[in-house]
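The structure under discussion appears below in the form of structure tokens.
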Amino acid sequence: MRTAITKIISFLGFNSYQVTKYQHPTQSISLTTKYYQEALAEFYQPQKIYIFLTPTVETKCPGRGDQKEDRSNWHQLEEILAHKFPELEIVPVKNIPERNSPEDIWTIFNKVNECLEDGDRVIFDITHSFRSVPIVALLAVSYFRVVRNITIEGLLYGAFEAKENGITPTFDLLPVVRLFDWLTATDQFLKTGNGEDLAKLLQEAQGHTQALGDRILEISQGLQLLRPMDVMTAAAALPESIEQGKPDLARVVPPFELLLNRVVSEYGQFALAEPKNYQVNGKAALQKQLFEIEWYAKKGLYVQAISLGREWLPSLLCYHFELDPMEKQAREEMEILCCGGKVGERESIYRSQYKEIEPSKRKMINQLWNNPLVSWLIYAMMFFILVSVKIRKVLKRSNKHYKNCRRPENNCSGLGCI
């Protein structure tokens, strides 16, 4: 079944073209012609075909000496299309610049834009294109797929120089353009932690890439929802999922393997199998959470950094008292300790043991936990009521607290629990 194409955007050159048999890129259909546009009209039966023409292509005859043709390529092609496809609307796009300046490139780009409407299903043909047109086509395809509601069905090139046994193959270069999707999605994941687009691409790719997409999504959702244990677990499973998916990724998008190295470098630091096993991995889990806090801060995600940093303190005390930080009652007891050991009439059962910790360390924990500016920043950012001076003050103070926590004499090993 043939795809219903609404429009074809094609570029006609000034060469003296030879007759050849053009092969459909995916089907066993072919057509013998000197103009690839005729083959396209036969293959796809579009409603409209736009032919981009420079003044030279429109008016001058190709060839030299005895081989000079008696009519321009445009007049020959127009006659062929009009006679063979009476229902096809043929639209010449004239006065395409002949030079190759940046201004000319944008002129062509804008003319392409004028030809398209939302909802169109379009094929771009660059077989007979000239100079910078392939670059324009690449830009246009990448742009319109994202910005406008337009479906690009193909970026076609009839490769006359690659013909064998009289048959000229047609190559669809659209899969190459999709590399931009992978680049954009990976860049978004690396810069912001949002891996939904990358996970979707991996899940849609054929082969053993589903598991890798799932791991990427788990890391992304864990970072967005402040679930550090989920991030650690997914990051620990990342290398195995990458190895499983590599053969298929090499086939679908070969350059992506280089991008995977950056993904591992960025998120491998969070990897920890069984992070909830506090008896074995308690200290390691705390250290991985510090890495996450630092990651949030470097990305400018200050609400997440401060929120996780604040919740890190009860986990730190749970580690000190050899308690499960995922257990609700244990965390409640540690939160009371972060307030000094007593909240209202309720006193922590660990208060006396807590007082055995060095006073300077207890003071640091209490100050960070009870810092009103930290609490204010979290809620203010949520409701977009930010005052820049206060924010800078909070961030400066929070960064100071974070650096204090990172110092060897103040970290979890300094509480006397190791």
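All residue numbers refer to positions in the sequence shown, counting from 1.
Atom CG of residue Asn277 and atom CE of residue Met229 lie 10.5 Å apart, to the nearest 0.5 angstrom. Once rounded to the nearest 0.5 Å, the distance linking CD of Glu327 with CD of Glu332 reads 8.5 Å. From Tyr278, atom OH reaches atom OG of Ser315 across 13.0 Å, with rounding to the nearest 0.5 Å. The CG atom of Asn165 sits 10.5 Å away from atom NZ of Lys21, with the distance rounded to the nearest 0.5 Å. Note: Cys338 SG to Ile365 CD1 = 6.0 Å, rounded to the nearest 0.5 Å. Atoms CD and CD1, on Glu38 and Ile49 in that order, are 10.5 Å from each other to the nearest 0.5 Å.
With contacts defined as side-chain heavy-atom distances shorter than 4.5 Å, the pair Glu311/Ser307 does not qualify. Side-chain contact check for Asn194 versus Phe189: every heavy-atom pair is 4.5 Å or farther apart. Residues Leu77 and Asn73 form no side-chain contact, since every pair of their non-hydrogen atoms from C-beta on lies 4.5 Å or further apart. Taking the side chain as every heavy atom from C-beta outward, Lys7 and Glu117 approach each other to under 4.5 Å. Within the 4.5 Å cutoff, no side-chain heavy atoms of Val122 are placed close to those of Thr151. A heavy-atom distance below 4.5 Å is found between the side chains of Ile108 and Pro97. Between Ser72 and Val57 the shortest side-chain heavy-atom distance does not fall below 4.5 Å. Side-chain contact between Phe85 and Ile80 is absent, with no heavy atoms from C-beta onward closer than 4.5 Å.
Using cut-offs of 30° and 60° on the angle between ring planes, the pair Tyr267 and Trp295 is tilted.
When all heavy atoms are compared, the tightest approach of Pro92 to Leu53 is CB-CD1, 3.9 Å. In terms of heavy atoms, Ala39 sits closest to Leu31 at CA-CD2, 3.5 Å. The nearest pair of heavy atoms linking Leu313 to Trp369 is CD1-N, 3.9 Å. Heavy-atom minimum distance, Asp324 versus Ala330: O-CB, 3.6 Å. Smallest separation of non-hydrogen atoms from Ile152 and Leu174: O-CD2, 3.3 Å. Nearest approach of Ile357 to Arg362, heavy atoms of both residues: O-NE, 2.9 Å.
Judged purely by atom type and a 3.5 angstrom limit, Asp120 has no side-chain atom pairing as donor or acceptor with the backbone of Leu116. Using a distance-only test at 3.5 Å, with no hydrogens or angles considered, a donor-acceptor pair links the side chain of Lys288 to the main chain of Gln269. In this structure, the side chain of Glu322 does not engage the main chain of Tyr319 through any donor-acceptor pair within 3.5 Å. Looking at Lys94, its side chain never comes within 3.5 Å of a backbone N or O of Glu58 through a donor-acceptor pair.
A salt bridge does not link Lys111 to Glu114: none of the charged side-chain nitrogens sits closer than 4.0 Å to a carboxylate oxygen. The pair Lys34-Glu69 meets the salt-bridge criterion, since a charged nitrogen lies less than 4.0 angstrom from a carboxylate oxygen. Comment: Arg71 engages Glu79 in a salt bridge, judged by a side-chain N to carboxylate O separation of less than 4.0 angstrom. Ion pairing between Glu266 and Lys299 holds under the 4.0 Å rule for side-chain N and carboxylate O.
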Practice task
Please test Met334 against Leu323 for side chain to side chain contact (heavy atoms under 4.5 Å, CB included), starting from the C-alpha separation and ending with a verdict.
Solution key: CA-CA 10 Å; Met334 298 304 103; Leu323 301 173; 3.7 Å; yes

Exercise for the section: Using the side chain to side chain contact (heavy atoms under 4.5 Å, CB included) rule, take Tyr296 and Tyr302 through it: C-alpha gap first, then chi angles, then the decisive distance, then the call. Expected result: CA-CA 7 Å; Tyr296 283 129; Tyr302 299 116; over 6 Å; no

Practice task
Under the side chain to side chain contact (heavy atoms under 4.5 Å, CB included) rule, what do Phe124 and Leu156 come out as? Steps first, then yes or no, please.
Solution key: CA-CA 6 Å; Phe124 280 81; Leu156 302 185; over 6 Å; no

Practice task
Starting from the C-alpha separation in whole Å, work towards a yes-or-no answer on side chain to side chain contact (heavy atoms under 4.5 Å, CB included) for Thr54 and Phe14.
Solution key: CA-CA 9 Å; Thr54 65; Phe14 186 58; over 6 Å; no

Problem - Audit row: Gln23, Thr168, side-chain hydrogen bond (donor to acceptor under 3.5 Å, both in side chains) steps and yes/no - result: CA-CA 6 Å; Gln23 181 72 40; Thr168 297; over 6 Å; no

Exercise for the section: Go through Arg227 and Glu292 one step at a time and tell me if the salt bridge (Lys or Arg N to Asp or Glu O under 4.0 Å) criterion holds. Expected result: CA-CA 10 Å; Arg227 296 178 62 87; Glu292 290 186 39; over 6 Å; no

Handout entry: side-chain hydrogen bond (donor to acceptor under 3.5 Å, both in side chains) assessment of Asp230 paired with Thr233
Key = CA-CA 5 Å; Asp230 292 351; Thr233 302; 5.6 Å; no

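Checked by atom type, the side-chain pair Ser101/Asp104 shows a donor-acceptor distance below 3.5 Å. There is no side-chain donor-acceptor pair under 3.5 Å between Glu196 and Gln221. Donor-acceptor pairing under 3.5 Å is recorded for the side chains of Gln224 and Ser220. With no hydrogens or angles considered, a side-chain donor-acceptor pair links Thr127 and Asp125 at under 3.5 Å. In summary, the side chains of Thr170 and Tyr36 do present a donor paired with an acceptor at a separation below 3.5 Å, with no hydrogens or angles considered. Gln203 and Thr209 share no side-chain donor-acceptor pair at under 3.5 Å. Under the 3.5 Å distance criterion, with hydrogens and angles disregarded, no donor-acceptor pair is assigned to the side chains of Gln47 and Thr6. Between the side chains of Asp214 and Gln210, at least one donor N or O sits under 3.5 Å from an acceptor N or O.
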Run the side-chain donor-acceptor check on residues 242-251: report pairs under 3.5 Å with partners two or more places apart or on a different chain.
from   : atom 1 : to     : atom 2 : distance (Å)
Glu243 : OE2    : Lys246 : NZ     : 3.3
Asp248 : OD1    : Arg251 : NH2    : 3.3
Asp248 : OD2    : His208 : N      : 2.7
Asp248 : OD2    : His208 : ND1    : 3.3
Arg251 : NH2    : Gln206 : O      : 3.1

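Applying the ring-ring contact (aromatic ring centres under 6.0 Å, His included) definition to pairs two or more places apart or across chains, none involves residues 147-178.
Separation of the His128 and Phe11 ring centroids does not fall under the 6.0 Å cut-off. The aromatic ring centres of Phe291 and Phe270 sit 6.0 Å or more apart.
Around CD of Glu161, the count of heavy atoms belonging to other residues, nucleotides or ligands within 6.0 Å exceeds 12. Heavy-atom contacts from other residues, nucleotides or ligands closer than 6.0 Å to NZ of Lys84 number more than 12. Shown here is Lys276, whose NZ atom has no more than 12 heavy atoms of other residues, nucleotides or ligands within 6.0 Å. Atom CD of Glu240 sits in a sparse spot, with 12 or fewer heavy atoms from other residues, nucleotides or ligands closer than 6.0 Å.
Residues meeting the side chain to side chain contact (heavy atoms under 4.5 Å, CB included) test with Cys115, sequence neighbours left out: Ile9, Tyr50, Phe52, Val93.
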